[in-house]
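For the single chain, residues carry numbers from 1 onward in sequence order.
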Amino acid sequence: MSKRNIFVIGLSDANLRTLETVPDAVQYRFLPLLTLDELQVGEVSVPDLLEKAQYVLDAFDGTIDAIVGYWDFPVSTLVPLLAERYGTRSTSLESIVKCEHKYWSRLEQEKAVKEHPRFGRVDLSASDPRPPEGMSFPMWLKPALSYSSELAFGVKNQEEFGAAVAEIRDGISRVGRPFDHILDQLDLPPEMEGVGGQVCLAEESLTGIQVAVEGYVHNGEVTVYGVLDSINYPDSSSFLRHQYPSTLPAPVVQRLHDVSQRVIKQIGMDSATFSIEYFYDPGADALNLLEINPRHSQSHAELFEYVDGVPNHHHMISLALDKDPGVTRSAGPYRVAAKWYYRWFADGVVHGVPDQEAVRRIEREIPGVRVDMVPEEGQRLSRMPEQDSYSFEVAHIFTGGDSEEEMREKFDRCVASLHLAFDGIPPAGQDSTTA
């Protein structure tokens with residue numbers, strides 16, 4: 001039987017390793033479509049990316065059975081645009097944009113659920129910009145669209161508000177301008193007329209336990225297949241790790257299922273995966289939706305494989321081939337799994353980055369571990385793309401174990417084995433010892 005040809009927009013070596021472990025992977029041929037540099041470096045041009053992708057697809061001598069992607073904009077929007085041209089399966093472009101445009105997403109959430117924070121638009125053109133009426137500090141400011149929390153700022157007073165607005169104003173066009181091109185493809189509702197892609201959103205600050213809900217929609221039916229905890233570094237908004245499965249009580253997990261299903265039905269997604277981030281405040285027993293991602297999280301792929309035996313890439317592939325992925329639970333080798341973010345909290349030049357052979361040696365020495373390095377040898381951290389506003393990712397470390405203590409021990413061993421240095425100084429301060 002001939003293999004199914006699956007084009008993956010922004011295919012990376014790290015994700016190819018995981019894609020090759022999905023059920024029936026021997027029946028698939030994973031083909032790259034556009035590079036990560038083309039998709040993420042500088043100000044992207046959606047028309048140029050479409051033209052490059054179409055050139056590759058038109059020249060392909062074989063069937064185009066699926067076009068998929070697991071990155072945010074522009075990948076998320078390229079998938080439905082290309083699917084329409086080549087007859088592959090995808091959710092609608094409108095449903096994608098309703099998730100990714102943070103202001104439009106909030107308007108849709110208001111129609112379906114009450115579990116969301118107060119929010120409003122900020123006038124970036126004002127000479128003396130102020131918070132939206134009725135909102136008070138602390139709050140978060142963020143563009144309507146951004147990469148990996150880029151240009152997202154927590155502010156506690158008017159001075160910090162003004163500084164954040166200035167930074168957002170200077171940097172918003174890199175993603176906002178190409179996003180305007182996508183908005184032009186849609187028939188917008190009255191509440192979105194004239195809003196555009198270069199808009200700044202203010203949202204009340206949320207507290208509590210951060211969690212993520214992963215699911216998919218097939219033939220209009222919304223299925224949640226996993227809930228994960230997201231744990232930050234102490235006194236920081238930067239992720240330390242994602243942990244699966246969640247440790248929240250079963251009734252709270254069920255509420256997360258219910259809210260997610262209602263809001264995804266409101267958005268109108270189909271034949272697609274999603275990942276929704278929430279805060280749960282145990283003291284107030286309150287849920288608040290943070291954001292909706294119209295794709296599964298590649299950050300969680302290994303976690304589902306470690307615990308359930310199937311990476312979540314499987315859901316994306318199945319839906320693109322018009323198959324119901326189904327739900328598999330607890331079929332993996334470990335009871336719990338985590339993705340750890342080894343971060344550096346100051347700028348510097350990184351040294352001692354291990355090569356692939358050294359990384360594989362660490363993975364062999366510590367069972368149930370996988371390591372993906374982020375910077376290259378001698379790279380200045382502030383020049384790495386897609387970092388948050390407060391830290392720099394230097395390694396992603398995946399661990400599986402029978403307890404949280406076992407996973408933490410594996411993470412600490414990995415950090416020690418990497419032997420990274422910054423500007424020639426061995427790591428110290430906010431690393432694994434502060435976790």
Side-chain angles (χ1 to χ4, degrees), residues 7-10 33-34 39-40 44-47 49-50 53-54 66-109 111-112 142-148 175-189 191-192 195-199 201 212-220 222-223 260-277 289-298 312-313 315-320 322:
F7 282 87
V8 185
I9 304 177
L33 185 62
L34 302 173
L39 292 161
Q40 297 176 348
V44 301
S45 166
V46 174
L49 291 172
L50 281 171
Q54 290 167 6
I67 302 171
V68 299
Y70 39 71
W71 299 94
D72 292 323
F73 181 84
V75 173
S76 54
T77 51
L78 290 172
V79 170
L81 289 169
L82 292 169
E84 184 176 10
R85 179 181 176 93
Y86 293 96
T88 55
R89 197 162 182 84
S90 166
T91 191
S92 68
L93 177 64
E94 180 176 304
S95 68
I96 294 287
V97 178
K98 280 182 179 179
C99 294
E100 290 207 317
H101 193 292
K102 289 182 172 60
Y103 181 66
W104 195 357
S105 183
R106 289 299 190 202
L107 296 178
E108 290 298 307
Q109 292 163 36
K111 298 173 184 178
K142 56 189 72 172
L145 186 72
S146 63
Y147 296 133
S148 300
V175 179
R177 194 149 42 205
F179 199 33
D180 279 329
H181 173 80
I182 295 297
L183 290 170
D184 289 341
Q185 315 300 309
L186 302 173
D187 292 326
L188 298 173
E191 64 264 31
M192 283 296 295
V195 174
Q198 301 183 63
V199 63
L201 189 66
V213 173
E214 292 234 357
Y216 67 87
V217 194
H218 179 65
N219 290 337
V222 183
T223 298
S260 299
Q261 289 167 341
R262 292 205 306 273
V263 78
I264 289 298
K265 285 184 178 179
Q266 173 65 37
I267 294 290
M269 295 184 73
D270 202 2
S271 301
T273 57
F274 61 85
S275 177
I276 308 180
E277 298 174 39
L289 196 157
L290 179 60
E291 66 180 24
I292 306 170
N293 301 298
R295 43 85 187 147
H296 68 288
S297 174
Q298 58 174 305
N312 59 0
H313 287 328
H315 303 88
M316 172 187 71
I317 299 300
S318 296
L319 293 166
D322 197 19

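- Listed here is the closest heavy atom pair of Cys99 and Ile267: SG-CG2, 3.7 Å.
- Interatomic distance, Ile9 CD1 to Leu49 CG, rounded to the nearest 0.5 Å: 9.0 Å.
- Between Ser297 and Glu214 the shortest side-chain heavy-atom distance falls below 4.5 Å.
- Here the closest non-hydrogen pair linking Ser260 and Phe274 is CB-CE1, 4.5 Å.
- Annotation for Ala144 and Gly197: closest pair CB-O, 4.0 Å, computed over non-hydrogen atoms.
- Taking Glu94 as the reference, Lys98 meet the salt bridge (Lys or Arg N to Asp or Glu O under 4.0 Å) condition, with sequence neighbours excluded.
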Report the C-alpha separation of Val79 and Val68 in whole Å, then their side-chain angles, then the decisive distance to 0.1 Å, and conclude whether the side chain to side chain contact (heavy atoms under 4.5 Å, CB included) test is met. CA-CA 6 Å; Val79 170; Val68 299; 5.7 Å; no
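- Residue Ser90 holds its OG atom at 10.5 Å from CG of Leu319, rounded to the nearest 0.5 Å.
- Under the rule for a side-chain hydrogen bond (donor to acceptor under 3.5 Å, both in side chains), Glu84 has no partner lying at least two apart in sequence or in another chain.
- Considering only residues two or more places apart in sequence or on other chains, Arg177 meets the side-chain hydrogen bond (donor to acceptor under 3.5 Å, both in side chains) condition with Glu43.
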Show, in sequence, the C-alpha distance, side-chain angles and deciding distance for Ile96 and Ile182, and conclude whether the side chain to side chain contact (heavy atoms under 4.5 Å, CB included) test is met. CA-CA 10 Å; Ile96 294 287; Ile182 295 297; over 6 Å; no
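- Side-chain contact of Arg295 with Ser76: a donor-acceptor pair under 3.5 Å is absent, judged by distance alone.
- At a threshold of 4.5 Å between non-hydrogen side-chain atoms, the residues Val195 and Trp104 do not count as touching.
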Test side chain to side chain contact (heavy atoms under 4.5 Å, CB included) on Gln54 and Tyr86 and set out the steps. CA-CA 9 Å; Gln54 290 167 6; Tyr86 293 96; 3.4 Å; yes
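- If you take CG on Asn293 and CD1 on Ile276, they are separated by 8.5 Å, rounding to the nearest 0.5 Å.
- A distance below 6.0 Å separates the ring centres of His101 and Phe179.
- We find the CD1-CG distance between Ile67 and Leu78 to be 10.0 Å, quoted to the nearest 0.5 Å.
- For Arg106 against Leu201, the heavy-atom pair with the smallest separation is CG-CD2, 4.3 Å.
- A distance of 8.0 Å separates OH in Tyr103 from CD in Glu191, rounded to the nearest 0.5 Å.
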Please lay out, stage by stage, how Lys265 and Val222 fare under the test side chain to side chain contact (heavy atoms under 4.5 Å, CB included). CA-CA 7 Å; Lys265 285 184 178 179; Val222 183; 3.8 Å; yes
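- Among residues two or more places apart in sequence or in another chain, the side-chain hydrogen bond (donor to acceptor under 3.5 Å, both in side chains) test is passed with His315 by none.
- Annotation: the span from Gln261 atom CD to Gln266 atom CD amounts to 14.5 Å, rounded to 0.5 Å.
- The closest side-chain heavy-atom distance from Thr223 to Val217 is not below 4.5 Å.
- Counting heavy atoms from C-beta on, the side chains of Val75 and Leu39 come closer than 4.5 Å.
- The side-chain hydrogen bond (donor to acceptor under 3.5 Å, both in side chains) test applied to Asp184 returns no partner, not counting sequence neighbours.
- In this structure Phe7 satisfies the ring-ring contact (aromatic ring centres under 6.0 Å, His included) test together with Phe60, sequence neighbours excluded.
- In this pair, His296 and His313 present their aromatic rings perpendicular. The plane angle is above 60°, beyond the 30 to 60° band.
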